[in-house]
Amino acid sequence: MKITVAVSAVQGAFIEHEKMLESLGAECFELRKKSDLERPFDALVLPGGESTVMGKLLFELDMFDTLKRKIEDGMPVFGTCAGLILLSKSISNDSANYFATMDITTKRNAYGRQLGSFHTTADFKGIGDIPMTFIRAPYIESAGEGVEILSVVDGNIVAARQGNQLVTAFHPEVLEDTSVHKYFLEITENYLKNK
Ligand code: GLN
């Protein structure tokens, strides 16, 4: 089954996601303007970048409502870092919220300036130990009942899933390890089978 993934490319680190997903056999295209949403796709990626800018651009380019509806209708979505922030129901240190489709409360730039970026290895549920790169990362402070916690680093939730929504505070697309993207494509395969 060929999976087509639309990667939000209005801002942020989208090319790394495309390369990784394509190396796993998926087809990708970039969402840059409203008419790009007319192309059929099976899953969506919201990359890392700057959540305030990305959120604002998705509104201004009039792509926001269509994407939100697709996520609410169950389309698989993978949000990394800023993408995680866009999916969060609330942001504890910011009054804004965006798609707010995932029942998590997130803290932006949660590690402060000194520890803004770091690398570690930690367990990811169902996968095992994987390398993780954090870049001015958020973490999830709390999660609702329907949310499965997939990874915790230093007591903070850094990966979670709710239905077909997958989020990581770290950036799996910048390393060689493809396991989280594989996991996302498996979610998408199951979604397509049961659709
Ligand atoms: N600090 C960014 C934000 O708050 C996220 C950083 C990232 O995506 N690497 O949007």
Side-chain angles (χ1 to χ4, degrees), residues 2-18 21 26-109 137-138 140-148 159-169 171 173 180-181 183-185 187-195:
K2 190 84 174 170
I3 292 174
T4 303
V5 184
V7 180
S8 170
V10 296
Q11 196 262 339
F14 46 89
I15 290 167
E16 293 82 353
H17 280 288
E18 291 169 32
L21 289 164
E27 199 172 296
C28 295
F29 71 92
E30 295 176 356
L31 296 174
R32 292 178 176 275
K33 55 186 185 311
K34 192 174 189 188
S35 59
D36 295 332
L37 290 166
E38 288 162 18
R39 271 175 79 165
F41 55 98
D42 306 311
L44 169 69
V45 167
L46 299 171
E50 194 55 44
S51 53
T52 48
V53 179
M54 216 183 291
K56 188 168 172 268
L57 284 171
L58 290 173
F59 272 117
E60 285 177 4
L61 295 164
D62 196 18
M63 297 162 82
F64 187 86
D65 290 344
T66 307
L67 290 176
K68 184 170 161 91
R69 195 168 358 98
K70 284 183 187 290
I71 298 167
E72 283 171 344
D73 287 348
M75 174 176 275
V77 57
F78 181 15
T80 54
C81 206
L84 176 157
I85 295 169
L86 294 184
L87 292 169
S88 302
K89 194 167 178 179
S90 68
I91 304 163
S92 63
N93 53 349
D94 201 322
S95 56
N97 68 2
Y98 302 91
F99 293 116
T101 46
M102 195 159 167
D103 193 9
I104 52 177
T105 298
T106 296
K107 185 174 180 184
R108 281 187 67 199
N109 299 323
I140 299 168
E141 288 185 324
S142 62
E145 262 181 28
V147 178
E148 184 184 11
R161 174 179 175 180
Q162 181 176 2
N164 293 329
Q165 302 182 73
L166 173 68
V167 291
T168 62
H171 286 266
E173 77 283 7
V180 182
H181 286 79
Y183 180 83
F184 178 59
L185 291 177
I187 292 176
T188 307
E189 255 167 32
N190 281 326
Y191 160 75
L192 293 174
K193 258 184 234 156
N194 298 322
K195 214 165 95 168

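By the salt bridge (charged side-chain N to carboxylate O under 4.0 Å, His left out) test, Arg108 is found to be paired with Glu50, Asp94, residues two or more places apart in sequence or in another chain being considered. Residues passing the salt bridge (charged side-chain N to carboxylate O under 4.0 Å, His left out) test with Glu27: none are found, sequence neighbours excluded. By the salt bridge (charged side-chain N to carboxylate O under 4.0 Å, His left out) test, Lys89 pairs with Asp103, sequence neighbours left out. By the side-chain hydrogen bond (donor to acceptor under 3.5 Å, both in side chains) test, Asp62 is found to be paired with Lys34, residues two or more places apart in sequence or in another chain being considered. Partners of Thr66 by side-chain hydrogen bond (donor to acceptor under 3.5 Å, both in side chains), not counting sequence neighbours: none found. With sequence neighbours left out, Ser90 forms a side-chain hydrogen bond (donor to acceptor under 3.5 Å, both in side chains) with Thr105. Scored by the salt bridge (charged side-chain N to carboxylate O under 4.0 Å, His left out) test, Glu145 finds no partners at all (sequence neighbours excluded). Residues satisfying the ring-ring contact (aromatic ring centres under 6.0 Å, His included) criterion with His181, sequence neighbours excluded, are His17, Phe78. In this view, Ala82 and Ser51, Met54 satisfy the side chain to side chain contact (heavy atoms under 4.5 Å, CB included) rule, not counting sequence neighbours.
Atom-to-atom distance recorded for Lys70:NZ and Met75:CE is 4.5 Å, nearest 0.5 angstrom. The line from CZ of Arg69 to CG of Leu67 is 9.5 Å long, rounded to the nearest 0.5 Å. Atom CG of Leu192 and atom CD1 of Ile3 lie 6.0 Å apart (nearest 0.5 Å). Interatomic distance, Leu58 CG to Leu31 CG, rounded to the nearest 0.5 Å: 8.5 Å.
Within the structure, ring-ring contact (aromatic ring centres under 6.0 Å, His included) contacts touching residues 88-108 (residues at least two apart or in different chains) are Phe64-Phe99. Pairs passing the salt bridge (Lys or Arg N to Asp or Glu O under 4.0 Å) check and including a residue from residues 159-169, sequence neighbours excluded, do not occur.
In terms of modelled atom types and a separation under 3.5 Å, the side chain of Glu18 and the main chain of Val7 share no donor-acceptor contact.
Between Leu185 and Ala26, the shortest heavy-atom distance links the atoms CD2-CB, 4.1 Å. Smallest separation of non-hydrogen atoms from Asn97 and Ser88: CB-O, 4.3 Å. Closest of all the heavy-atom pairs between Gln162 and Gly146 is CG-O, 3.6 Å. Here the shortest heavy-atom pairing between Ile91 and Ala96 reads CD1-O, 3.3 Å. Minimum heavy-atom separation, Ala169 to Pro138: CB-O, 3.1 Å.
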Exercise for review: Start with the C-alpha distance between Glu72 and Lys68, add both sets of side-chain angles, then the distance that settles salt bridge (charged side-chain N to carboxylate O under 4.0 Å, His left out), and finish with yes or no.
Suggested key: CA-CA 6 Å; Glu72 283 171 344; Lys68 184 170 161 91; 3.5 Å; yes
Exercise for review: For Ile71 and Leu87, run side chain to side chain contact (heavy atoms under 4.5 Å, CB included): C-alpha distance rounded to whole Å, both residues' side-chain angles, the deciding distance at 0.1 Å, then the answer.
Suggested key: CA-CA 9 Å; Ile71 298 167; Leu87 292 169; 3.9 Å; yes
Side-chain donor-acceptor pairs under 3.5 Å in residues 35-47, sequence neighbours left out?
unit_1	atom_1	unit_2	atom_2	d
Asp36	OD1	Lys33	NZ	3.0
Asp36	OD2	Arg32	N	2.7
Asp36	OD2	Lys33	N	2.9
Asp42	OD2	Thr4	N	2.8

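No side-chain heavy atom of Thr188 sits less than 4.5 Å from a side-chain heavy atom of Val5. The shortest side-chain heavy-atom distance between Val167 and Ile140 falls under the 4.5 Å cut-off. Side-chain contact between Glu60 and Leu57: present, with at least one pair of heavy atoms (C-beta onward) separated by less than 4.5 Å.
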